[in-house]
Amino acid sequence: MTEQDPKKVVFVCTGNVFRSLTAEFSSRAAHEQDAKPSLKLAFESAGTRGRAAKMVRDDVKAQATALGLDVSMHQSRLLTQEIMDSADLIIAMDRTHQSFIKDNFGYDAPLYLEIAEGISEEMHDVYDYSAESEAFIHDAMNRINANREQFLANLPKFIK
């Protein structure tokens with residue numbers, strides 16, 4: 001890696017089809033709009049479990065589109081040692097992901113909201129994907145997207 005290479009940031013959630021993908025696409029969009037970024041950055045995401053190459057659910061895709069994010073071509077992928085080795089910073093969306101990353105890769109990953117809002121709070125998941133979950137998905141995606149500029153401003157303090 002050279003000085004001109006972007007710093008790679010990888011967001012990790014469970015299935016890589018909701019939280020981590022929203023953080024990836026939202027951060028990338030904000031970084032691309034930044035006229036004078038303090039760092040060159042590249043954003044990716046991965047999941048701790050689930051099937052690889054799963055497509056984004058329609059309700060998540062619709063909310064992402066409403067936020068101006070095109071996630072239509074995103075396919076989930078599992079977190080691997082290769083992804084870990086290529087990253088400059090791994091960010092966990094919740095504490096179960098922090099534990100998974102520590103236990104399997106020996107890496108202490110900060111929480112997304114620790115960077116974005118300076119709080120030790122996690123971005124919870126949706127488990128039932130019922131009609132009631134749509135409001136939760138909407139709110140969580142809006143929160144991630146609303147935090148994107150502050151997240152980018154705070155990010156240099158966490159990158160190695």
Side-chain angles (χ1 to χ4, degrees), residues 1-50 52 54 56 60 63-64 67-71 73-126 136-160:
M1 180 179 277
T2 69
E3 282 291 317
Q4 283 70 359
D5 289 336
K7 298 288 187 180
K8 187 185 294 184
V9 176
V10 179
F11 301 96
V12 177
C13 71
T14 305
N16 190 217
V17 291
F18 165 41
R19 295 167 293 170
S20 61
L21 89 89
T22 303
E24 172 192 353
F25 281 81
S26 186
S27 297
R28 182 181 300 122
H31 186 63
E32 289 172 356
Q33 293 171 359
D34 189 349
K36 294 186 179 187
S38 60
L39 292 171
K40 286 187 193 176
L41 300 167
F43 299 99
E44 296 182 5
S45 59
T48 60
R49 64 177 189 226
K54 186 176 178 184
V56 179
V60 172
Q63 181 59 26
L67 295 172
L69 308 173
D70 181 5
V71 301
M73 300 307 291
H74 177 81
Q75 290 186 348
S76 66
R77 65 185 185 152
L78 296 174
L79 184 63
T80 63
Q81 187 65 55
E82 181 180 356
I83 293 169
M84 292 293 302
D85 292 344
S86 71
D88 293 289
L89 179 63
I90 305 291
I91 299 170
M93 299 308 286
D94 73 29
R95 287 186 180 82
T96 62
H97 309 129
Q98 278 183 314
S99 295
F100 178 90
I101 294 164
K102 180 69 171 175
D103 294 348
N104 289 279
F105 301 103
Y107 182 90
D108 291 313
L111 289 170
Y112 173 81
L113 289 176
E114 178 183 354
I115 299 172
E117 297 180 12
I119 59 175
S120 182
E121 185 180 317
E122 54 190 345
M123 295 292 303
H124 296 285
D125 200 359
V126 171
F136 178 85
I137 290 169
H138 180 269
D139 291 346
M141 292 178 74
N142 281 346
R143 184 175 186 183
I144 292 168
N145 198 58
N147 280 324
R148 64 194 207 173
E149 284 83 13
Q150 189 62 42
F151 170 82
L152 289 179
N154 295 339
L155 194 56
K157 297 180 246 177
F158 291 85
I159 292 186
K160 58 182 173 177

Practice item. Would you mind reporting whether V17 and V60 have side-chain heavy atoms less than 4.5 Å apart? Key: no
Review point. Got S45 and H74 here, is their nearest side-chain heavy-atom distance under 4.5 Å?
Key: yes
Practice item. Compare every heavy atom of I101 with every heavy atom of M84, then report the nearest pair and how far apart it is. Key: CE-CG2, 4.0 Å
Check your understanding: Do L113 and M123 touch side chain to side chain, with heavy atoms closer than 4.5 Å?
Key -> yes
Practice item. Could you walk me through whether N154 and E117 pass the side-chain hydrogen bond (donor to acceptor under 3.5 Å, both in side chains) test, one step at a time? Key: CA-CA 9 Å; N154 295 339; E117 297 180 12; over 6 Å; no
Practice item. Please name all residues satisfying side-chain hydrogen bond (donor to acceptor under 3.5 Å, both in side chains) with E149, sequence neighbours left out, ordered by chain then number. Key: none
Review point. Minimum heavy-atom separation for A116 to N147, with atom names?
Key: CB-CB, 3.9 Å
Revision key, fill the gap. Q75 and N16 have their tightest heavy-atom pair at O-OD1, 4.1 Å
Revision key, fill the gap. The reported gap from CG in L21 to CE in M93 (rounded to nearest 0.5 angstrom) is 9.5 Å
**Study point:** Under the salt bridge (Lys or Arg N to Asp or Glu O under 4.0 Å) test, residues paired with R28 that sit two or more places apart
**Key:** E24
Review point. Which residues satisfy the side-chain hydrogen bond (donor to acceptor under 3.5 Å, both in side chains) test with R95, sequence neighbours excluded?
Key: S120
**Study point:** Distance in Å, R49 CZ paired with L78 CG, rounded so as to fall on 0.5 Å steps
**Key:** 11.0 Å
Check your understanding: Should the heavy atoms of other residues, nucleotides or ligands under 6.0 Å from CD of Q81 be counted, would the total exceed 12?
Key -> yes
Revision key, fill the gap. The salt bridge (Lys or Arg N to Asp or Glu O under 4.0 Å) partners of E44 (sequence neighbours excluded) come to K8, R77
Point to revise | Distance (rounded to the nearest 0.5 Å) between T22 OG1 and N145 CG | key: 8.5 Å
Exercise for review: Return the minimal non-hydrogen interatomic distance between H124 and R19, and the atom names on each side.
Suggested key: O-CD, 3.3 Å
Review point. Which value, rounded to the nearest 0.5 Å, describes the distance between I115 atom CD1 and L152 atom CG?
Key: 10.5 Å
Check your understanding: Residues in side-chain hydrogen bond (donor to acceptor under 3.5 Å, both in side chains) with S38, at least two apart?
Key -> none
Review point. Counting distance only, does the side-chain N/O of D94 pair as donor-acceptor with the main-chain N or O of E122 below 3.5 Å?
Key: no
Point to revise | D108/K102 ion pair, N-O < 4.0 Å | key: yes
Review point. Between Q98 and A109, which heavy-atom pair has the shortest distance, and what is it?
Key: NE2-O, 2.8 Å
Review point. Among pairs that include at least one residue of residues 96-118, which meet ring-ring contact (aromatic ring centres under 6.0 Å, His included), considering only residues two or more places apart or in two chains?
Key: Y112-F151
Check your understanding: What's the shortest heavy-atom distance between P6 and A42, and which atoms?
Key -> CB-N, 3.9 Å
Check your understanding: Roughly how far, to the nearest 0.5 Å, is NZ of K7 from CD1 of I159?
Key -> 7.0 Å
Review point. Say you draw a straight line from CG of L155 to CZ of F43; how long is it, rounded to the nearest 0.5 Å?
Key: 6.0 Å
